[in-house]
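Notes follow the structure.
This one's a predicted model, so the numbers in the text were calculated from it and none came from an experiment.
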2 protein chains.
Amino acid sequence: MEPSAPRRRVTIVDVARHAQVSTTAVSKVLRNAYGASPEMRSKVRRAIDELGYRPHAGARGMRGQTYTIGVMLPDIRNPFFPEVLDGITHALEDTEYQVLLGPGCNGEKAEARVTEAMIDRGMDALILIAPVSRRDHLESVAGAVPTVVVGRHGSSPVYDTVVNDDVEGACLVVGHLVGLGHRRIAHIDHLETDPTRLAEMPNARRADGYRQAMRAHGLAASIDVVSTSYTQEGGYLGAKQLLDRPLRPTAVFAGADVVAMGVLEAVAEAGLSVPGDISVAGYDNTAFAALGPISLSSVDQAGHEIGSNAARLVQDRIADRSRPSVQVRLSPALVPRRTTGRPPAAACDGSA
Amino acid sequence: MEPSAPRRRVTIVDVARHAQVSTTAVSKVLRNAYGASPEMRSKVRRAIDELGYRPHAGARGMRGQTYTIGVMLPDIRNPFFPEVLDGITHALEDTEYQVLLGPGCNGEKAEARVTEAMIDRGMDALILIAPVSRRDHLESVAGAVPTVVVGRHGSSPVYDTVVNDDVEGACLVVGHLVGLGHRRIAHIDHLETDPTRLAEMPNARRADGYRQAMRAHGLAASIDVVSTSYTQEGGYLGAKQLLDRPLRPTAVFAGADVVAMGVLEAVAEAGLSVPGDISVAGYDNTAFAALGPISLSSVDQAGHEIGSNAARLVQDRIADRSRPSVQVRLSPALVPRRTTGRPPAAACDGSA
DNA sequence: TTGAAAGCGCTAACAG
DNA sequence: CTGTTAGCGCTTTCAA
């Protein structure tokens, strides 16, 4: 037995014939549109069930909608994104919409390819998660199809946004560390040069929040930011630099959990203990932060909420494309764990 | 400025008019089809560039292909899948095909929804990664669209498969532990009751491999399998049981890295050290297994190869639907790290 | 080699 | 409330 010739799909014409009605009638029932009597509806529904009919989304898309929402993720490996995705799919699972994901894209070119592919496939709306593309590209996408941008600050009249308050999150971390008695608190940031991104990307906001909080606590003189990248390696390299300082920081606030992992690696390599010799905090509260052997203090962004908000906004905008754009900002929460503690006694006079 | 009325898309008609040719000619150029002179081709290509034309995949799908390949992932959180996905997208990135992912599906119902959605959207082929659906559903999917099933043993005439040799992988782990001097080696499996899945799912094969290897090393009497689930919690609960044994195992082979994480958690909680008191090995060689503070011994499945093979098979089958089905099996490799070591001296007489 | 014309499956506009 | 008709943007005959 070899793969049989693909049997012809059941179409709306088959259903119409089987139910003894017009294709228009079937179409109306499919879309719950106005203008079909109850008995007509039930007759059509029965035919649909009997024939096992499912509409062809591509064909629907030629005139109306495809009932498909595209979600673009920058990096599948970042364990924060699944949370957001769950929030989206969960909010959409009782609707007719189907979510499809673009595969991990690194960089503007890959993002452009994926967004274009989604537009070309007639998706009804797009949710872009932490895109790195320039603002004008995002706006051109939003011009073609209803778009919600997640995890990027700065608003646009053409797309809606959902963000986490990264400044507040950073303040929470600094406050927590100061409360434990730390004064020499360093921060590892993702190096950013592009001016728009510097204003809109979460990493820049976290660094800002760090600086603000340090000043607010009277620690302006101790501000110490190392810019590497939001990767494990970036954390490792950043920590190396910090550990070489003549006056070593007693705490490191890594801009992301992955970064914190790299920091922990470097700290272990230097023969120092956490949090005995140095405290480490991350951001994102990813699944592995909670893992027993790691137990990383972090900041929870409520990824699920972010996702469900994005799903709501996207549906609202499909319903009314000319509605003014909406910005949703969610508050993060500190999740203290075992990598943060009181600074070593000897360090207390550091800034005294 | 509110979202402007979406400007009309450039269509093949616009291109044809601009290049002063027929739409048929444009279509031929798009598909590199036979029957267009070089000068015609260049004329059309120029028009395409000048107008920024991109074909509408949905419309193409009505007669021909959509140039879209659907990939279904069971669980986005499992860090093994991104590897496979990378292999797929990398192999496909220089082709006209675009990869779209179905969101994480747990269970047969969610899988059915996603596969149907992909078929309804006219995808040219599907790659199903570690699906849990019953065999007949997989075959019905494969009957509708070219399909490659990844990570599931057992062959079918209607779909191609790519698997890792899970039996061999399990043998590698047991051999490694035996070589270090372990005899009481326990295994944590994913509980499986469905008979097809018991024969086809990787977890069952790993458990089989474990048993085979134990017997081959003359350790049949020490075979000890706990069945929980392939999650961190499953590992935690399984380890709890194992640590309560009157004669505690000196090594635990967890069926997956996530499971091993749960084991490490339980072991830490019990105040035992790894590998001093107990060795732990995982399977999948996921990114966090390599993390410094964890450094988990594991088995590498060459996810990237698996993905590129799947991509190749899928293209071959699009080209020839009636070709006999192909099974690809790849060999795993052991990656020893710091969670496995010699058993504690006191335990050596355990089986003497 | 070229292009006119007929659909693919569906929805929108309109007439009965 | 119902059905007829004309497309959506593309590919595929098939004639020229």
Quiz item: What is the nucleic acid contact for A36(B), judged by heavy atoms within less than 4.0 Å: base, sugar-phosphate only, or nothing?
Solution: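 Answer is sugar-phosphate: A36(B) comes under 4.0 Å of backbone atoms only.
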OP1 or OP2 of [N] under 4.0 Å from side-chain N/O of [X]:
X: S37(A); N: dT2(D); value: yes
X: R63(A); N: dA12(C); value: no
X: Y34(B); N: dT2(C); value: no
X: S22(B); N: dG3(C); value: yes
X: R31(A); N: dA12(C); value: yes

To the side chain of [X], which of [options] is closest?
X: I12(B); options: dT11(C), dC10(C), dC10(D); value: dC10(D)
X: M40(A); options: dC10(C), dT2(D), dT13(D); value: dT2(D)
X: T24(B); options: dG3(C), dG9(C), dT5(D); value: dG3(C)

Expressed in angstrom and rounded to an integer, what is the separation of [X] atom [atom1] from [N] atom [atom2]?
X: N32(B); N: dT11(D); atom1: CG; atom2: P; result: 12 Å
X: R121(B); N: dG9(C); atom1: CZ; atom2: P; result: 17 Å
X: H56(B); N: dG9(C); atom1: NE2; atom2: C1'; result: 13 Å
X: L30(B); N: dC10(D); atom1: CG; atom2: P; result: 8 Å
X: R9(B); N: dG9(D); atom1: CZ; atom2: P; result: 9 Å
X: R54(A); N: dG9(C); atom1: CZ; atom2: C1'; result: 14 Å
X: K43(B); N: dT2(C); atom1: NZ; atom2: P; result: 8 Å
X: Q65(B); N: dC8(C); atom1: CD; atom2: C1'; result: 15 Å

Exercise. Report the residue (A59(B) or V21(B)) whose heavy-atom-nearest nucleotide on DNA chain C is the more 5′ of the two.
Key: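 Going by which nucleotide is closer to the 5' end, it is V21(B).
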Quiz item: Which is it for L85(A) and V71(A) under the side-chain contact (heavy atoms from CB on, under 4.5 Å) test, yes or no, and what are the steps along the way?
Solution: CA-CA 8 Å; L85(A) 189 61; V71(A) 174; 4.2 Å; yes
Quiz prompt | Check: S27(A) side chain, dA12(C) base, donor-acceptor under 3.5 Å | solution =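 For S27(A), whose side chain was compared with the base of dA12(C), there is no donor-acceptor pair (under 3.5 Å).
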Quiz prompt | Derivation of the side-chain contact (heavy atoms from CB on, under 4.5 Å) call for R121(A) and H56(B) | solution = CA-CA 6 Å; R121(A) 277 151 190 80; H56(B) 185 300; over 6 Å; no
Practice problem: Give a yes or no on whether the backbone of L313(A) and the side-chain of R317(A) come within a donor-acceptor separation of less than 3.5 Å. | Solution: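 No, R317(A) side chain to L313(A) backbone: no donor-acceptor pair under 3.5 Å.
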Practice problem: Would you check, one step at a time, whether the test side-chain contact (heavy atoms from CB on, under 4.5 Å) holds for E93(B) with R113(A)? | Solution: CA-CA 10 Å; E93(B) 82 188 349; R113(A) 174 172 173 165; 4.2 Å; yes
Quiz item: Step by step, would you call Q327(B) with Y159(B) a side-chain contact (heavy atoms from CB on, under 4.5 Å)?
Solution: CA-CA 9 Å; Q327(B) 287 77 43; Y159(B) 55 75; over 6 Å; no
